[in-house]
Each structure stands twice: as C-alpha cells, then as structure tokens.
Amino acid sequence: MSKTLTFEEPIVKLREKINELEDFTKNSSVDLSDEIGTLKGRLQNLEQEIYGNMEAWDRVQVARHPERPTTHDYINELFDDFIQLHGDRNFGDDAAIVGGIASFESTPITVIGHQRGKDTKENVKRNFGMPHPEGYRKALRLMKQAEKFGRPIVCFIDTKGAYPGKAAEERGQSEAIARNLVEMAGLTVPVISIVIGEGGSGGALALGVANHIHMLEHSTYSVISPEGAASILWKDASLSKQAAEAMKITAPDLKEMGIIDEVIPEVLGGAHRDPEAQANFISDALRKSLKQLSELDAIEIVQDRYVKFREIGKFTE
C-alpha cells in the first residue's frame, strides 16, 4: 500500500468502500455490481478533481513521497548500457550523486543525478540525497569528460540541498558548487537538466546550469524549502504551506516565469504510481531536447545557455 498523503484521504476512503463492496459481492449471493460501478465512476471524477487542482503544498508532498522514482530508477528505464563511474580523483566517492556513461536511443550520453535512498539504510548510505563537495566534483569530472568526447549531458535533480555539515564545509562545499556553476556555463556540449523531485538551493543549481531545464509536474525548484522560508520570514516553520504558495516553487509557476523550459506531465497521482509510464513521458521530452540541441555547434551551445540565464529575472522600474 502506497503512503497516503493528506489531500488524498477522500480518494483512499472511497477506494476502501469499493473494495469492501467487491469483497462482499464475492462472498455472498447479493449482486452489487451497479453500486460498485457508480462508485468507480465517482472515484474517477474525484481523482480528476483532486489531482487536477493541487495546491503548491500538495505538490511539495508528492515531490517528497518516499516511493517517488529516483535517478537510478529512471536510468534503468530510460538508458541502455549504463556504466557507473565513481570518485572525484581528489577525496573519495559520494553516493549522494551517481553518474556514468550510457546510451539513449543509440546516442552516447553522460548521465548524472542526485540519488536518495528507498529505505533508512540506503538513505544513510546516500546521506539522504544531500551531496558532499566530492559529489559535485565527481559530477564536474564526468561533465568535462563528456565535453572531451562530445557527449550530451543529462542531469537529474532531486535534493533538499547540499549537505551543510562541518566536514563538507571543511572540504570546500561552497567552492565546489560555485566551480560547477562556472564550468557548466561554458560547456560546449548540450546540457539537459530534469527536476524529478525536490530541487533545493545551490545543491540543485550545481547540476542545473543547462541549455534546457525541465521539471516533472509535481516537482519543486527553489532557493530554500518552504519550512526554511517560513522560519526566516515569519519565525514559524508551521506556516510552510503559506510559504510554498508565496514562493512560486512549482513547475507551472516556474514555467510561467520562464525559469524552466517544459513541464513534463506526471501520471495521475504522481510518478510513484507508475514509474515505467513516467519514464516514457521523460523520454519524450529528452528526445525533443536532444534533437533541438544537436542542431547547434559548440559556440551556439554556449551562447544558447548564456542567453537563457540572462533572460531569467526580468523586471521593470
């Protein structure tokens, strides 16, 4: 049974009622098929109504769902012949970021992404998807390798943020992130970033300086979490729902502001309900982006990225 989010409770209760009637029909001589059919129709309408009118905080909850597909899940679904590469050639290997080479529909690519765990043990191993500096340096090493061999780069973003601990700061966390921003800006190969869950702070942006930035429909992308923003603005983390609404951190909001290029639709109820179908939606967006960017030469690739980020943050006086 998938974890039930607060706003999904009416749907779950109606499903349970349908299941009860179906069990009763199987174990008795009473035919309740008409009533069951009516309830299933009502369930379908209710799902469309609830999932079609989700508030910002609802999307935050879906983005954080413990069963939401991770980078590894999408690598397995989308790419062939994946070879994982390890280490930053400086300090060590960070399990919070995975990367390597693979092929997408016969096109060689480099794929890099934040990686969370599926259970407590794996989350501890992967530091809950919060990378240390060596994770970002590993990512940059793979990006420079991709540039050397002319491979497009695909990044999956899914982190609350870079790890803020003492050891990470001692090893140069801020410098590692800043270095990625500078180097990614000048890469001469196409870079496509896809926010698949939470895109938090500089930890997300360190994989986000791309020619095309896409977001799954129920993912978030922001400089800070709603709880963090509420604590700073109103000294009350319990106001995170209001903060999420005010911050405009959802995919539709960011698309409207021109910060991302495309909102990738999710299966009804969220990507965790059908990861294979969700991978097909991502595949369509990825195929389209690679086709568009393959028509640009190295100089045009860099210029395209420059223009994209210069156009973010327009204002009038």
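Predicted, not measured: the structure shown is a model, and the values here were computed from it.
Glu9 has no carboxylate O lying under 4.0 Å from a charged side-chain N of Lys13, or vice versa, which leaves the two without a salt bridge. Salt-bridge formation is not detected for the pair Glu262/Lys255: no Lys NZ or Arg NE/NH1/NH2 atom is positioned less than 4.0 Å from an Asp or Glu carboxylate oxygen. Using a 4.0 Å cut-off between charged nitrogen and carboxylate oxygen, Glu67 and Arg273 do not count as a salt-bridge pair. Ion pair Asp158/Arg116 flagged as a salt bridge, since at least one NZ, NE, NH1 or NH2 atom sits closer than 4.0 Å to an Asp/Glu carboxylate oxygen. Arg305 and Glu311 are not joined by a salt bridge, as no carboxylate oxygen comes within less than 4.0 angstrom of a charged side-chain nitrogen. Ionic pairing of Glu134 and Arg89 is not present here: no N-O contact between side-chain nitrogen and carboxylate oxygen is shorter than 4.0 angstrom. Taking 4.0 Å as the cut-off between side-chain N and carboxylate O, Asp261 and Lys308 count as a salt-bridged pair.
Here the closest heavy-atom approach between residue Ala229 and residue Ala243 is recorded as CB-CB, 4.4 Å. Of all non-hydrogen atoms in Gly258 and Ile312, the two that sit nearest each other are O-CG1, 4.1 Å. The minimum heavy-atom distance linking Gly100 with Leu142 is given by the pair N-CD1, 3.8 Å. Closest non-hydrogen pair, Ala168 versus Pro133, comes out as O-CG, 3.2 Å. Closest of all the heavy-atom pairs between Phe309 and Ala210 is CE1-O, 3.4 Å. Taking all atoms of both residues into account, the shortest heavy-atom contact from Ile177 to Ala206 is CG2-CB, 4.0 Å.
Here the straight-line distance linking atom CD of Glu227 with atom NZ of Lys241 works out to 13.5 Å at 0.5 Å rounding. To the nearest 0.5 Å, atom CD of residue Gln242 and atom CG of residue Asp236 are 8.5 Å apart. Atoms CZ and CD, from Arg310 and Gln303 in turn, are 11.0 Å apart once rounded to the nearest 0.5 Å. Considering OG of Ser240 and CH2 of Trp234, their distance stands at 9.5 Å, rounded to 0.5 Å. Taking CG of Asp253 as the reference point, atom OG of Ser222 lies at 11.0 Å (rounded to 0.5 Å). Rounding to the nearest 0.5 Å gives a distance of 7.0 Å between NZ of Lys138 and NE2 of His86.
Using a 4.5 Å cut-off on side-chain heavy atoms (C-beta onward), Val195 and Leu216 make no contact. Considering only heavy atoms from C-beta on, Met247 comes within 4.5 Å of Ile224 through its side chain. A heavy-atom distance below 4.5 Å is not found between the side chains of Met215 and Val263. For the pair Leu254/Ile249, no side-chain contact is recorded, criterion being any heavy-atom separation below 4.5 Å from C-beta on. Side-chain contact between Leu293 and Ile192 is present, with at least one heavy-atom pair separated by less than 4.5 Å. The shortest side-chain heavy-atom distance between Leu207 and Ile157 falls under the 4.5 Å cut-off. Counting heavy atoms from C-beta outward, Ile196 and Arg68 have side chains that stay 4.5 Å or more apart. Using a 4.5 Å cut-off on side-chain heavy atoms (C-beta onward), Leu46 and Pro10 make contact.
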For Met54 and Phe7: C-alpha separation, side-chain torsions, deciding distance, then whether side-chain contact (heavy atoms from CB on, under 4.5 Å) applies. CA-CA 9 Å; Met54 292 170 64; Phe7 70 94; 3.7 Å; yes
With side-chain contact (heavy atoms from CB on, under 4.5 Å) as the criterion, how do Ile101 and Phe149 come out once you've worked through the C-alpha distance, each side chain's angles and the decisive distance to 0.1 Å? CA-CA 11 Å; Ile101 56 177; Phe149 292 101; over 6 Å; no
Stepwise salt bridge (charged side-chain N to carboxylate O under 4.0 Å, His left out) check, Arg179 with Glu175: CA-CA 6 Å; Arg179 176 68 59 185; Glu175 188 278 336; 3.5 Å; yes
Set out, in order, the CA-CA distance, both residues' side-chain angles and the distance that settles side-chain contact (heavy atoms from CB on, under 4.5 Å) for Glu300 and Glu295, then state yes or no. CA-CA 9 Å; Glu300 290 171 330; Glu295 298 172 357; over 6 Å; no
Could you walk me through whether Phe281 and Val267 satisfy the side-chain contact (heavy atoms from CB on, under 4.5 Å) test, starting with their C-alpha distance in whole Å, then the side-chain angles of each, then the deciding distance to 0.1 Å, before giving a yes or no? CA-CA 9 Å; Phe281 291 143; Val267 296; 3.8 Å; yes
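There is a side-chain donor-acceptor pair under 3.5 Å between Ser289 and His214. A donor-acceptor contact under 3.5 angstrom links the side chains of Thr70 and Asp73, judged on distance only. If you check the side chains of Arg151 and Gln145, you find a donor sitting under 3.5 Å from an acceptor. Side-chain contact annotation: Tyr221 with Glu198, donor-acceptor N/O pair under 3.5 Å absent. Side-chain N/O atoms of Asn123 and Thr120 include no donor and acceptor closer than 3.5 Å.
Judged by the 6.0 Å and 45° rule, Arg287 forms no cation-pi pair with Phe104.
Within a 6.0 Å radius of CD in Glu122, more than 12 heavy atoms belonging to other residues, nucleotides or ligands are found. Counting heavy-atom neighbours within 6.0 Å of Glu35 CD, excluding the residue itself, gives a total above 12. By the 6.0 Å contact criterion, NZ on Lys17 is open, its count of non-hydrogen atoms from other residues, nucleotides or ligands being 12 or less. More than 12 heavy-atom neighbours from other residues, nucleotides or ligands sit within 6.0 angstrom of NZ on Lys144.
If you chain together hydrophobic residues whose side chains sit under 4.5 Å apart, Leu181 and Tyr306 never meet in one group. If you chain together hydrophobic residues whose side chains sit under 4.5 Å apart, Ile109 and Phe156 fall into the same group. Met184 is connected to Tyr136 through a chain of hydrophobic side-chain contacts under 4.5 Å among Ile, Leu, Val, Met, Phe, Trp and Tyr, so both are in one cluster. Cluster annotation: Val189 is connected to Ile213 through the hydrophobic network of ILVMFWY side chains, with a link wherever side-chain heavy atoms come within less than 4.5 Å. Transitive grouping of hydrophobic side chains (ILVMFWY, heavy atoms separated by less than 4.5 Å) keeps Met143 and Ile75 in distinct clusters.
A distance-only check finds a donor-acceptor pair linking the side chain of Ser103 to the backbone of Asp80 [under 3.5 Å]. For the pair Asp88 (side chain) and Gly92 (backbone), a donor-acceptor distance under 3.5 Å is present. Looking at Arg59, its side chain does come within 3.5 Å of a backbone N or O of Glu217 through a donor-acceptor pair. A distance-only check finds no donor-acceptor pair linking the side chain of Asn211 to the backbone of Pro190 [under 3.5 Å]. A donor-acceptor contact shorter than 3.5 Å links the side chain of Asp58 to the backbone of Glu55. No donor-acceptor pair closer than 3.5 Å links the side chain of Asn127 to the backbone N or O of Ala96. Although no hydrogens or angles enter the test, the distance criterion places no donor-acceptor pair under 3.5 Å between the side chain of Gln115 and the main chain of Arg126. Under the 3.5 Å distance criterion, the side-chain polar atoms of Glu183 are left unmatched by any main-chain donor or acceptor of Asn180. Put simply, the side chain of Glu47 never gets that close to the backbone of Leu268: no donor and acceptor are under 3.5 Å apart. Judged by distance alone, the side chain of Thr159 and the main-chain N or O of Gly161 form a donor-acceptor pair under 3.5 Å.
Ring-plane geometry between His65 and His272 is classed as parallel, the angle between the planes falling under 30 degrees on a 0 to 90 degree scale with a further cut at 60.
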